[in-house]
Amino acid sequence: MDTIGGTLINSYAGSIKAGDNEIYRFTMFCRSGLELRTTSAVSDLLIEGRIYGSGDAFTNLETDGLDVSPYNGTVQEFEVKITAGNVASRTVVFDLAMM
Amino acid sequence: MLSAKASGKGTLCDDGTGSGDASNSIFNSSSNEEESVIHFMIDITQEVPFGRYRQYKCKFTLNGEKVPIASFSFTKSSLSSSFTARLADLSQRTLFDADEVNLKFEIGEVLLDGDIVWRTMFDTSRLEQTSYSVGMSDQSPTDTFNFTSIPMFADKMKKAPINTEVYYDPTRITVTRDEIEAYYDEQGRRYLSQVIPIAGLSLNKLFTKVAEQCDFDQILTNIPNYPLKRVDFDITQSYFEALKSKLGMFDVRYSANDDNSILYIRNVTQAIPSGFPEPQELLITNYRSLDASHTRSNVIGLQVQYIGSDREAVFRVQRFEQGDLNDLGNGYSEQIDETFYDVFSVSFPESVIRTEPYLTEKYLYKDSDLVAKYTARYTLNSELRPTSITKTHEAMLPSVMSDGTINEDLPFSLKLYKTETTQIKYSTHPYISKALYQAEVKTKVLGLIAVDSENKYLKQDYKQDFQKAHEAGVLLDGMLVVNDNIEEVVVKYTPQKNGQLKSEIQITNYLRDYGHTPEATERAGQGALSQAGEIQQKLLVKLDNQPIRAGDRIEPFNIGELPIYLGLPIAKQRLRKMRFSTGEGTADLLGLIFDVTDGSTLHLKTRFGESKGYVLVNSVTFNGNNLGTDQEILSQSIQFEELLAGTE
């Protein structure tokens with residue numbers, strides 16, 4: 001497992017056709033007062049997330065962030081939907097974290 | 001391209017649809033309380049271009065025998081098409097010497113399982129040209145045999161009548177066979193023309209006739225129907241060309257359906273009704289390249305020339321124009337006041353079709369004193385044409401006492417010395433339908449007459465026109481002045497077959513009590529003073545109320561027999577098209593799209609689904625190169641023009 005400054009980093013590489021979307025699942029530890037969001041603005045991708053199995057609407061993780069206070073102290077499974085814009089081929093990098 | 005550097009027990013499953021349970025599971029990242037960050041690296045990829053993996057074949061048959069070709073170019077455009085190809089095997093060029101050379105051309109699509117679906121591009125055609133060249137280059141022969149053939153469909157449009165045929169509407173004009181030249185051949189045989197009356201001849205009837213002769217099941221068009229007076233089918237012209245000549249004022253494109261049973265005649269500046277094929281979408285994935293260019297013109301208006309009939313119902317608006325006082329020099333000044341009737345047609349009440357004078361008054365002043373006055377008053381009939389004109393002349397003339405004698409001691413006074421009354425009678429023109437002409441113009445002149453009883457003429461009192469006698473200086477103190485008829489002029493007009501007018505004039509001179517008829521003379525011309533019936537008229541059409549600026553152009557636009565109420569909207573649409581978009585372009589398609597052919601309407605889309613508007617394909621070209629080799633390639637390109645919104 002890689003770390004940066006003591007923080008665990010997991011990385012994932014994938015491809016999405018322009019205009020298409022993919023959904024990914026992962027688990028993360030939740031703490032009160034934090035929300036799941038991207039660490040910076042992301043262009044050409046729409047990143048949305050929700051608690052897996054909750055049936056809630058997807059929350060935009062770039063602008064709004066997903067509040068995890070209700071799940072304080074537990075490990076939750078999240079779904080993240082990434083939609084690629086209708087753009088020319090390129091590679092986009094971004095980070096998701098509890099902030 | 002799925003990879004995951006996972007720690008822990010993640011499972012990877014990817015179906016990409018994004019529904020709940022079947023989503024990608026990356027990894028189980030936190031069974032501990034440490035914070036974690038997930039780093040994503042996403043490649044956005046494009047869809048694989050359509051057609052790259054399709055394969056096409058072509059097959060060329062001459063009189064039933066398969067003839068391999070090395071390359072070809074097949075263009076279809078506006079009902080004419082041509083096919084040019086190069087033979088792969090030169091020894092087969094002798095096949096083209098046969099008397100009858102019937103060519104058939106097919107293109108097939110190779111399916112995934114190896115089957116080929118053949119599509120016939122044309123199966124009868126006429127050989128038009130062959131060319132054979134022999135040469136060397138770099139010690140190898142460059143012999144080639146090329147040929148060009150015209151698919152039979154194009155020949156449909158070249159069908160012409162055996163004899164000259166003239167169709168006419170007998171309720172509007174008369175046509176006799178003698179008027180039309182007969183043809184003779186070298187043996188002296190005469191080919192007479194056919195003159196066929198059809199009451200209510202119209203554009204639709206013309207279409208039906210052409211469809212019959214050219215072997216179409218149907219002609220579909222969005223051109224409005226309107227009456228025609230006469231249609232000529234000459235033996236030197238095909239039926240189709242005769243039809244085209246009647247459609248010159250429309251922006252027309254011709255195309256046909258697949259089996260050439262339906263002819264589409266489309267006016268591109270008008271909306272199309274149902275029955276025409278719907279627009280197809282052409283997406284960016286369908287073409288390799290697209291070039292579109294636009295031309296804007298500085299045409300700001302059209303001068304529409306049409307044949308109007310001013311014998312329709314009319315109404316009038318009176319208009320008074322007061323003249324300015326003009327200085328004529330030597331103390332004289334003149335003012336002319338005129339009252340007109342502007343005549344408008346009821347069916348087209350926006351433009352003045354003619355102006356008729358109603359009252360003209362001329363005043364002559366010397367040093368602000370009125371010294372002469374002339375008035376002309378017109379009486380109009382229900383069609384607003386003059387039927388009578390009364391002219392009065394007043395001037396400063398020697399005073400006349402109550403007993404009628406001239407008194408040279410009294411000052412001159414303004415007096416009415418002459419009145420002219422003109423009566424006009426109209427008749428219908430015998431040779432021009434619905435036209436009127438002035439058949440008789442009778443003018444009676446009544447006025448002051450000076451009677452000289454001292455200087456008699458052949459024992460009679462010598463009578464003179466009082467005003468003319470004053471000018472001649474022959475009035476004497478004490479001379480008697482009476483008010484009586486001076487002369488009468490009657491002019492009778494008779495229209496001749498050759499367009500000239502015969503006029504006969506009879507003059508009665510009351511001063512000498514005799515009448516005089518000069519010989520009847522013939523004069524060229526349509527009518528006397530005013531003519532009725534069908535006349536060429538012009539109307540300026542602009543798109544808005546902008547004034548005309550320097551650099552703007554106005555183009556003439558003749559709509560022929562089309563009635564103005566149909567022609568005006570067509571003129572406006574044409575003007576809009578000329579002014580705002582003459583867009584055209586070309587596109588190279590990916591693969592072969594057989595549904596895109598000449599006459600197709602396409603909805604063009606560029607990147608990101610952006611709509612570039614609707615276009616009409618005017619010509620489509622299929623090319624094949626390096627056939628039979630492993631570099632064989634078949635391609636298709638189109639040439640199109642932009643359609644204005646609302647006309648797709």
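Numbers restart at 1 for each chain; the letters A, B, ... are given by sequence-line order, proteins then strands.
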Check your understanding: When rounded to the nearest 0.5 angstrom, what distance separates CG in A:L45 from CD1 in B:I42?
Key -> 6.5 Å
Exercise for review: Output the distance between atom OH (A:Y12) and atom CD1 (B:I38), rounded to the nearest 0.5 Å.
Suggested key: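 If I round to the nearest 0.5 Å, the distance is 11.5 Å.
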Review point. Which pairs count as salt bridge (Lys or Arg N to Asp or Glu O under 4.0 Å) when at least one residue sits in residues 89-99 of chain A, sequence neighbours excluded?
Key: A:D44-A:R90
**Study point:** Partners passing side-chain contact (heavy atoms from CB on, under 4.5 Å) against B:E281 (at least two apart in sequence or in another chain)
**Key:**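 Partners of B:E281 by the side-chain contact (heavy atoms from CB on, under 4.5 Å) criterion, ordered by chain and then number, come out as B:L283, B:H603, B:K605.
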Practice item. Could you tell me which portion of A:I82 (side chain, backbone, both or neither) has an atom closer than 4.5 angstrom to a non-hydrogen atom of chain B? Key: side chain
Review point. Tell me, side chain or backbone of A:V42 under 4.5 Å from chain B's heavy atoms, or both, or neither?
Key: neither
Check your understanding: So A:F94 and B:F40, would you call those rings parallel, tilted or perpendicular, with 30° and 60° as cut-offs?
Key ->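 Ring orientation of A:F94 relative to B:F40: parallel.
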Review point. Got B:I44 and A:V92 here, is their nearest side-chain heavy-atom distance under 4.5 Å?
Key: yes
